[in-house]
Each structure stands twice: as structure tokens, then as C-alpha cells.
Chemist: 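First the structure, which I've put down as C-alpha cells, then a few questions once you've had a look.
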There are 2 protein chains.
Amino acid sequence: MTLNITLRALSDPTRRKILELLKKQDLAAGELGKDFDITLPSLSHHLSVLKQANLVVSQRQGQEIIYSLNLSVFEEIAEKLYKFFKK
Amino acid sequence: MTLNITLRALSDPTRRKILELLKKQDLAAGELGKDFDITLPSLSHHLSVLKQANLVVSQRQGQEIIYSLNLSVFEEIAEKLYKFFKK
DNA sequence: TAGATATTTAGACAATTATCTAAATTATAT
DNA sequence: ATATAATTTAGATAATTGTCTAAATATCTA
């Protein structure tokens, strides 16, 4: 995963809010939707961007699709950003 | 400086390259320009975004305007990002 | 002061991205 | 099988952002 794709994914406030919510607990798309003023298709788009950036993973559970943080990648990103900011 | 403004500023590859170049040495706008295929006004726009995000500072020296990293803010950002990624 | 150099500002245009509605997909339940 | 529920995909539109050219500003030098 390139730093580019990661930072693009992180550059949107809605997506960062999604990540914040997923820090607390795994959530289905619909559950997440309750915290936003956008339509579900819009939310779905943001989730797709986060998935492409490998920041979240999803897993179907019956009718729902449960999203959760991809913790190992979070660590990897932290390291990349640390290197970037280390002069 | 909000994380929002910072991440927006960092989300562009051109701007990240500017920061990488400034890690090595302070540079005038025109000097920076040699490393990019965009016009100086476009570069100037990117520099302005980085300044608004407080990632760089500038200082006139005769005809030139010298850009340099705002190192203290770099530290602050590293901390914010660390907190963001810390579950 | 006039001309040259370095950079920015203004304003227009093009590319990207976020959003919406409508329709499609997948699973459950009757 | 049909209807309902959860979510995504498709396609259109609007907002944002990056880029350009032309003009303005600031500094230096002859």
C-alpha cells in the first residue's frame, strides 16, 4: 500500500470519522450510517476507499456486512508516517 | 492547526515531494521548481497550501523567497497522527 | 528611474471526488 | 417463490482542487 493511497484515504473527514467509530467497535454499514448525514451509497463509497487503502476490512455476516479496522496496516502506516516526518 | 488541514495538505504527491526536498535543504521557490513539471504559479499554490497547514515557513531574502520546513509543527503532527492511529 | 529577475495573485478551465437517485445484488424469512 | 432487509453498483451532477496564462508585486542593478 503506497503512502499516497493511504493519505488520500485519510484526507477526508467523513472517512476519518468512520475510522474513529471503528476504533470503538466493529460496525455494519447501516450502523455506521446512523452517525452521518449522507446517504448509504455515499457512505458505501467511503468504505470502499478505506478498503482500497487497506485501512479497513469487511466481512459478511448474514445480511449485514461488518466493517472493522485493519490493525496491522494501522501500525505499518504509523511507521511510514513516522519516517516521513523524521527529518 | 487541525488534523484536517494537515492531512489535506499532505494528500497531494507534489506537496509531499516539496517537503522531501525541503528536508535536505531550504530552497527558494524557483529552485524547487526545477524538480517539477508544473508551472511556477502552480508550485506557488502548493507552497501556499503547505504554509496554511503550517508545514513550511517562508522568508524573503532579496529577490528570492526561501522556504523551509516548520520542524516544530512536524513534531506536533507526528504526535497527532500517532494518537489517531493508536487504537 | 528603467529594466531584469523572482514570485505571487487573479481568473479561467480541466480533472478529480463526493454526493445523489435508481437499480442491482445478496441473504433471510414467510 | 416472493417479499423484505442490507448493501453495493451505475450513472449523473455538483463541489473541490490542480493547473494554466496573463498580469501584478517586490527586489535588485545599471
Side-chain angles (χ1 to χ4, degrees), chain A residues 1-22 24-70 77, chain B residues 1-22 24-70 77:
Chain A
M1 200 58 41
T2 73
L3 191 54
N4 195 35
I5 289 173
T6 304
L7 286 172
R8 292 283 282 266
L10 288 173
S11 72
D12 181 88
T14 298
R15 289 194 285 267
R16 287 202 305 282
K17 187 172 169 190
I18 291 172
L19 294 176
E20 295 283 5
L21 290 170
L22 293 182
K24 299 190 203 129
Q25 56 183 317
D26 298 354
L27 287 168
E31 298 281 339
L32 274 166
K34 293 174 186 163
D35 282 281
F36 297 90
D37 281 342
I38 58 177
T39 61
L40 278 173
S42 297
L43 182 66
S44 184
H45 162 253
H46 287 302
L47 288 169
S48 151
V49 172
L50 290 171
K51 270 178 78 169
Q52 281 173 249
N54 217 19
L55 286 162
V56 305
V57 293
S58 68
Q59 157 192 15
R60 182 176 277 278
Q61 208 158 67
Q63 283 164 294
E64 298 184 324
I65 294 177
I66 311 291
Y67 283 86
S68 45
L69 293 185
N70 190 350
I77 289 162
Chain B
M1 201 55 45
T2 73
L3 190 55
N4 194 37
I5 290 172
T6 305
L7 286 172
R8 293 282 283 265
L10 289 173
S11 73
D12 182 87
T14 299
R15 290 194 285 269
R16 287 201 305 280
K17 188 172 169 188
I18 292 173
L19 295 176
E20 294 284 5
L21 290 168
L22 293 181
K24 300 189 201 130
Q25 57 183 317
D26 297 354
L27 287 168
E31 297 281 340
L32 273 167
K34 292 174 187 164
D35 281 282
F36 296 90
D37 282 340
I38 57 177
T39 61
L40 277 174
S42 297
L43 183 66
S44 184
H45 161 252
H46 287 302
L47 288 169
S48 151
V49 172
L50 290 171
K51 271 178 79 169
Q52 281 173 249
N54 217 19
L55 287 162
V56 305
V57 293
S58 68
Q59 156 191 18
R60 182 175 278 280
Q61 208 157 67
Q63 283 165 293
E64 299 183 324
I65 294 177
I66 310 291
Y67 283 87
S68 45
L69 292 187
N70 190 350
I77 291 162

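When reading the values below, keep in mind they use all heavy atoms of this one structure, side chains included, and skip hydrogens, waters and symmetry mates. The structure displayed is predicted, hence computed values, not measured ones. Naming: A, B, ... by sequence-line order, numbering from 1 per chain.
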Chemist: Do side-chain atoms of A:Asp26 reach the backbone of A:Ile66 as a donor and acceptor pair under 3.5 angstrom?
Modeler: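 Absent.
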Chemist: In whole Å, what is the span from the CG atom of A:Leu43 to the C1' atom of D:dA6?
Modeler: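 To the nearest whole Å, that distance equals 12 Å.
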Chemist: Is the backbone of A:His46 close enough, under 3.5 Å, to the side chain of A:Lys51 for a donor and an acceptor to pair up by distance?
Modeler: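 Not confirmed, A:Lys51 side chain does not pair with A:His46 backbone.
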Chemist: In terms of side-chain heavy atoms of A:His46, which of D:dT8, C:dT8, C:dA18 is nearest?
Modeler: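 The answer is C:dA18, which lies nearest to the side chain.
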Chemist: If you pin A:Gln63 and A:Lys51 to their nearest nucleotides in DNA chain D, which one's is more 5'?
Modeler: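 Its nearest nucleotide being more 5', the pick is A:Gln63.
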Chemist: With a 4.0 Å cutoff (strictly under), does any side-chain N or O of B:Ser42 reach OP1 or OP2 of D:dC20?
Modeler: yes
Chemist: When you measure from the side chain of A:Arg15 to the backbone N and O of A:Ala9, does any donor-acceptor pair fall under 3.5 Å?
Modeler: yes
Chemist: Without decimals, in angstroms, what is the distance between B:Gln52 CD and C:dT9 P?
Modeler: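 These atoms are roughly 10 Å apart.
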Chemist: Rounded to whole angstroms, how far apart are CG on A:Leu40 and C1' on C:dT26?
Modeler: 16 Å
Chemist: Rounded to the nearest Å, what distance is computed from the CG atom of residue B:Asp12 to the C1' atom of nucleotide D:dT16?
Modeler: 13 Å
Chemist: NA contact type, A:Glu64, heavy-atom cut-off 4.0 Å: base, sugar-phosphate, or nothing?
Modeler: sugar-phosphate
Chemist: Quick one: which of B:Leu22, B:Leu19, B:Asp12 gives a side chain to side chain contact (heavy atoms under 4.5 Å, CB included) with B:Leu50?
Modeler: B:Leu19
Chemist: Looking only at atom types and distance, does a side-chain atom of B:Arg60 sit under 3.5 Å from a main-chain N or O of B:Ile65, one as donor and one as acceptor?
Modeler: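 Here the side-chain-to-backbone pair does not exist.
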Chemist: Whole angstroms only, please: what is the CD1-P distance between A:Ile38 and C:dT19?
Modeler: 5 Å
Chemist: Of the candidate nucleotides D:dT8, C:dT19, D:dT21, which contains the atom at the shortest distance from the side chain of B:Pro41?
Modeler: D:dT21
Chemist: Using heavy atoms to find the nearest nucleotide of DNA chain C for B:Ser44 and A:Asp37 separately, return the residue whose nucleotide is more 5′.
Modeler: B:Ser44
Chemist: At less than 4.0 Å, is any side-chain N or O atom of A:Thr39 found next to OP1 or OP2 of C:dC20? Yes or no.
Modeler: yes
Chemist: Remember a base hit wins even if backbone is also touched, and classify B:Tyr67 as base, sugar-phosphate or nothing at under 4.0 Å, heavy atoms.
Modeler: sugar-phosphate
Chemist: Provide, to the nearest angstrom, the distance between the CG atom belonging to A:Leu7 and the P atom belonging to C:dT16.
Modeler: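 My rounded result for the distance is 19 Å.
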Chemist: Roughly how many Å is it from CZ in B:Arg60 to P in C:dT7, rounded to a whole number?
Modeler: 8 Å
Chemist: Please report the distance, rounded to the nearest Å, between CG in A:Leu47 and C1' in D:dA6.
Modeler: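 It is 13 Å, rounded to the nearest whole Å.
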Chemist: Of all the nucleotides listed (C:dA18, D:dC20, D:dT19), which has the minimum atom distance to the side chain of A:His45?
Modeler: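 The answer is C:dA18.
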